[in-house]
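Presented below is the structure to which this report refers.
We number each residue from 1, following the sequence as shown.
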Amino acid sequence: MTPTWPAQAQMAESGLFGDVLACDGVLPACFLPGGQARIAQAESMLLGLAQVEDLRSDEPGEEKRGELPILAQRLDAKLDLVLLLLGRLVRQGNPALPATPLRWSVRGLRLQLPAGTDLPAVDSAGAVRLQPVDWLPDDLELPVIVSATAQDADASWAWLRFPALPQGLEDAMGRHLFRMHRRQVADARRR
């Protein structure tokens with residue numbers, strides 16, 4: 001059930017997600033008021049993710065993991081294990097991001113904020129930090145501006161729009177969101 005949000009939040013929802021591809025999900029994420037983003041690293045990460053996901057695609061008509069030579073399958077499995085171990089080591093040194101319900105488009109995000117969080121001021125700047133895929137223990141940090149906030153007895157939300165981003169980052173984010181959407185559709189068909 002969708003909550004009834006105030007007019008400013010409904011306008012932000014429409015502005016961020018109207019007529020563009022948007023993905024709903026639960027990802028490790030948080031809002032950092034006044035935080036600085038790492039735009040160049042975000043673009044590099046999303047481009048690297050695209051290359052890896054192109055190689056690991058499960059789409060029909062493309063080469064699948066089971067069709068790879070046995071040596072390549074072993075190397076792929078070992079790489080998966082190394083990434084898991086590396087992720088555990090990284091998480092031991094850094095606090096894990098909380099699993100957060102969100103909606104994401106190339107224009108911005110809607111984050112559900114943890115209970116008891118003070119709502120950020122509208123038009124204030126900050127950064128959103130999120131882990132775009134579960135198998136990679138690294139986070140994106142993107143600049144955002146608070147467009148709206150809302151709160152009811154059960155939850156609080158913040159609508160965060162991206163300022164003008166470099167075209168390369170916007171394109172890479174669009175490709176990542178398309179892949180997320182494609183996976184969500186495939187998962188829904190399997191159920």
Compare every heavy atom of Met173 with every heavy atom of Ser105, then report the nearest pair and how far apart it is. O-SD, 4.1 Å
Are any non-hydrogen side-chain atoms of Glu141 and Leu130 less than 4.5 angstrom apart? no
Under 3.5 Å: donor-acceptor pair, side chain of Ser124, backbone of Ala121: yes
For Glu13 and Trp5, which I'm curious about, is there any donor-acceptor pair between the side chains at under 3.5 Å? no
dist Ile39:CD1 -> Phe162:CZ (nearest 0.5 Å) comes out at 10.5 Å
Side-chain touch Val146/Trp159, heavy atoms, less than 4.5 angstrom: no
State whether the side chain of Arg110 and the backbone N or O of Ala9 hold a donor-acceptor pair below 3.5 Å, judged by distance alone. no
Could you walk me through whether Trp104 and His176 pass the ring pair (Phe, Tyr, Trp, His ring centres under 6.0 Å) test, one step at a time? CA-CA 11 Å; Trp104 186 7; His176 180 73; 5.6 Å; yes
Ignoring hydrogens and geometry, is there a side-chain-to-backbone donor-acceptor pair from Thr100 to Pro98 under 3.5 Å? yes
Are side-chain heavy atoms of Leu177 and Val106 found at a separation under 4.5 Å? yes
Taking Val144 as the starting point, is it possible to reach Met11 by hopping between hydrophobic residues whose side chains are less than 4.5 Å apart? no
Side chains of Leu142 and Leu160 in contact at under 4.5 Å (non-hydrogen atoms): no
Taking Leu97 as the starting point, is it possible to reach Leu27 by hopping between hydrophobic residues whose side chains are less than 4.5 Å apart? no
Within a reach of under 6.0 Å around CD of Gln41, are more than 12 heavy atoms found that belong to other residues, nucleotides or ligands? yes
Minimal heavy-atom distance between Pro132 and Met45, with the atoms involved, is CG-SD, 3.8 Å
Do Leu46 and Arg175 come within less than 4.5 Å of each other through their side chains, counting heavy atoms only? no
Would you indicate whether the side-chain heavy atoms of Pro143 and Val128 approach each other to under 4.5 Å? no
What I want to find out is whether Arg182 reaches Asp187 closely enough, with some N-O distance under 4.0 Å, to be called a salt bridge. no
Cation over ring, Arg103 on Phe17, under 6.0 Å and within 45°? yes
So which atom in Ser147 and which in Val122 form the shortest heavy-atom distance, rounded to 0.1 Å? O-CG1, 3.5 Å
Please say yes or no: joined through hydrophobic side-chain contacts below 4.5 Å, possibly via intermediate residues, are Leu47 and Leu165 part of one cluster? no
What are the two closest heavy atoms between Asp134 and Gln131, and how far apart are they? O-NE2, 3.5 Å
Looking at Gln184 and Asp24, would you say the former's side chain and the latter's main chain have a donor-acceptor pair under 3.5 Å? yes
Give a yes or no answer on whether the side chain of Ser44 reaches the backbone of Ala40 with a donor-acceptor pair at less than 3.5 Å. yes
Shortest non-hydrogen contact from Ala29 toward Leu111: CB-CD2, 4.2 Å
Yes or no on salt bridge (charged side-chain N to carboxylate O under 4.0 Å, His left out) for Arg38 and Asp139, after CA distance, side-chain angles and deciding distance? CA-CA 10 Å; Arg38 299 177 304 180; Asp139 307 321; 5.9 Å; no
Are Ile145 and Leu140 in one and the same hydrophobic cluster, where Ile, Leu, Val, Met, Phe, Trp and Tyr link if side-chain heavy atoms are under 4.5 Å apart? no
With sequence neighbours excluded, tell me which residues meet side chain to side chain contact (heavy atoms under 4.5 Å, CB included) with Leu119. Leu113, Thr149, Gln151, Ser156
